[in-house]
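Here's the structure, in structure tokens; my notes come after.
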Number of protein chains: 2
Amino acid sequence: MAKASDRDGEDDADRHVARWRDHWIDVDFDDEVEGAVVRMQHLVRHFREAKQRAVAQVGLQAFEYDTLHTLMIRDTPGHASPTDLATDLGVSPAGMTGRLDTLEKAGYVGRTVGKTDRRRVEVEITDAGADIWRQAMAIRGDAEDQVVNVLSKKEQIALNQLLKRMTLSVEAEGEQDH
Amino acid sequence: MAKASDRDGEDDADRHVARWRDHWIDVDFDDEVEGAVVRMQHLVRHFREAKQRAVAQVGLQAFEYDTLHTLMIRDTPGHASPTDLATDLGVSPAGMTGRLDTLEKAGYVGRTVGKTDRRRVEVEITDAGADIWRQAMAIRGDAEDQVVNVLSKKEQIALNQLLKRMTLSVEAEGEQDH
DNA sequence: GGACGTTACTTCGCTAGCGAACTATTCGTC
DNA sequence: GACGAATAGTTCGCTAGCGAAGTAACGTCC
């Protein structure tokens, strides 16, 4: 039943780390590293599930919302090429075609061939698409606020500084091999 | 006030937040909350991709490794019921059946019906399964170390304290509605 | 100015996973 | 002890996504 509440101070990650350490005394194992990774995974999973429930309220699936969202927050809001969206979203070109098929059929985006270069496709959001995205936006993010606001503003800033050091190292690393 | 973007350059999250803020001045929007969420998402995605590459070296897919791993680090290492594994891994019962089919066919786990309750199925790891899991373990986690060890031990502890406050709130919340 | 490589997207075959219906076993109640 | 409810797992139909091959348009170099 009440797992976290009766033994207060322990979260799933603590238990995870404890179990793991028991069986792997011989291997290089770092409690803090593993704890941080597991906790971030749990939090992200929570956010993903919360968002899924939220956008479902307006009749969108997670991947539809993600696509519309990525389409809207870019430098040219509401306009993009499939390739750009695919790289931003981290899906394959083939997957992007599928997503756009769904969104186009639902009437949330339109596809037009580029005039100068006819290989290119211009994805453009429709009024209906912008509308439902706005609706989803309005109810989305509450779960995130609720969790992150457990921390004070000061702590949030500290957290972001720590996280950012790591993301910067990841991004720098990713650029080496290209 | 020291925003995350002030000192050491911008990361993707900063750019993400900046773009979003531009188009959503009218909606309740919190830079620090959004930044933290996006950064954790990026890091988790990086870990997932890194692990995928790592376990592929021993010929495992991510979901196979995850399943073996969850099977091994539990209180009764190497033994579990499909339902337990499914809840731990966050997959549906049907999905679990599929995973176990794959692992069983590969010879990494065995399935036996419970003696006292014949509805139950006892999943047990095989020698081959334990073996390949150990191999995967050995090369796994390097990417995580590499990223998290950008921070000092002290910072890692601070990070974990912050993350833990959030995971505890998530876990407490999740138990209310059950 | 035509052959050849490149670019941008789509189609195809396949896989993992979900939700819902189904099967088999056990528990509870009278 | 028998019948209905509950539980554990599997089967089935379907969807999103991947990788590889395919198609169409553009660029280039001789």
Side-chain angles (χ1 to χ4, degrees), chain A residues 45 48-53 55-56 59-71 74 76 79-106 108-124 178, chain B residues 45 48-53 55-56 59-71 74 76 79-106 108-124 178:
Chain A
R45 185 157 128 188
R48 181 165 22 83
E49 289 168 353
K51 186 187 68 187
Q52 201 138 346
R53 282 192 297 272
V55 301
L60 281 177
Q61 287 177 280
F63 78 90
E64 294 179 298
Y65 172 78
D66 288 342
T67 311
L68 290 178
H69 189 71
T70 305
L71 179 57
R74 64 188 19 257
T76 57
H79 297 264
S81 75
T83 308
D84 292 342
L85 291 173
T87 47
D88 280 12
L89 286 160
V91 303
S92 70
M96 200 62 237
T97 299
R99 289 189 175 195
L100 292 175
D101 286 347
T102 308
L103 288 170
E104 193 175 26
K105 200 181 295 183
Y108 298 145
V109 304
R111 271 192 274 202
T112 48
V113 282
K115 356 181 186 292
T116 59
D117 186 341
R118 297 190 28 186
R119 289 169 307 182
R120 290 175 177 276
V121 170
E122 171 83 359
V123 179
E124 191 178 354
H178 272 300
Chain B
R45 185 157 128 189
R48 181 164 23 82
E49 290 168 354
K51 185 187 67 187
Q52 203 137 345
R53 284 193 296 273
V55 301
L60 281 178
Q61 287 178 281
F63 79 89
E64 294 178 298
Y65 173 78
D66 288 343
T67 311
L68 291 178
H69 189 70
T70 304
L71 180 57
R74 66 187 18 255
T76 56
H79 296 263
S81 76
T83 308
D84 292 342
L85 291 173
T87 47
D88 280 11
L89 286 160
V91 303
S92 70
M96 200 62 237
T97 299
R99 289 189 175 195
L100 292 175
D101 286 349
T102 308
L103 288 169
E104 193 175 27
K105 201 182 293 184
Y108 297 145
V109 303
R111 271 192 275 203
T112 49
V113 283
K115 354 183 187 289
T116 58
D117 187 341
R118 296 188 29 179
R119 289 170 306 183
R120 289 175 177 278
V121 169
E122 171 83 358
V123 178
E124 191 178 355
H178 275 299

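- Rounded to whole Å, the distance from CG on A:Asp101 to P on D:dG17 is 12 Å.
- No engagement by B:Thr102 is indicated, since no non-hydrogen atom pair under 4.0 Å with the nucleic acid exists.
- Put simply, OG1 on A:Thr70 and CG on A:Leu89 are 3.5 Å apart, with the number rounded to the nearest 0.5 Å.
- Toward the 5′ end of DNA chain C lies the nearest nucleotide of A:Val121, the other residue of the pair A:Val121 and B:Gly98 mapping further downstream.
- As judged by a 4.0 angstrom heavy-atom cut-off over every strand, A:Pro82 is placed among residues touching the sugar-phosphate backbone only.
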I'd like a list of close polar pairs between nucleotides 3-7 of chain C and the protein, N/O only, cut-off under 3.5 Å.
{"from": "C:dT7", "atom 1": "O4'", "to": "A:Arg119", "atom 2": "NH1", "distance (Å)": "3.3"}
{"from": "C:dT7", "atom 1": "O2", "to": "A:Arg119", "atom 2": "NH1", "distance (Å)": "3.1"}

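- Among the nucleotides D:dT10, C:dT10, D:dT11, the one closest to the side chain of B:Pro93 is D:dT10.
- Looking at heavy atoms from C-beta onward, B:Leu60 lies in side-chain contact with B:Leu68 at the 4.5 angstrom threshold.
- Remark: C1' of C:dA16 and CG of B:Leu89 are 14 Å apart, rounded to the nearest angstrom.
- Heavy atoms of A:Thr116 sit under 4.0 angstrom from primed sugar atoms or phosphate atoms, though from no base atom.
- Contact check, A:Arg99 against D:dG17: a side-chain N or O comes under 4.0 Å of OP1 or OP2.
- Residue A:Arg118 has no polar side-chain atom (N or O) positioned under 4.0 Å from OP1 or OP2 of C:dA8.
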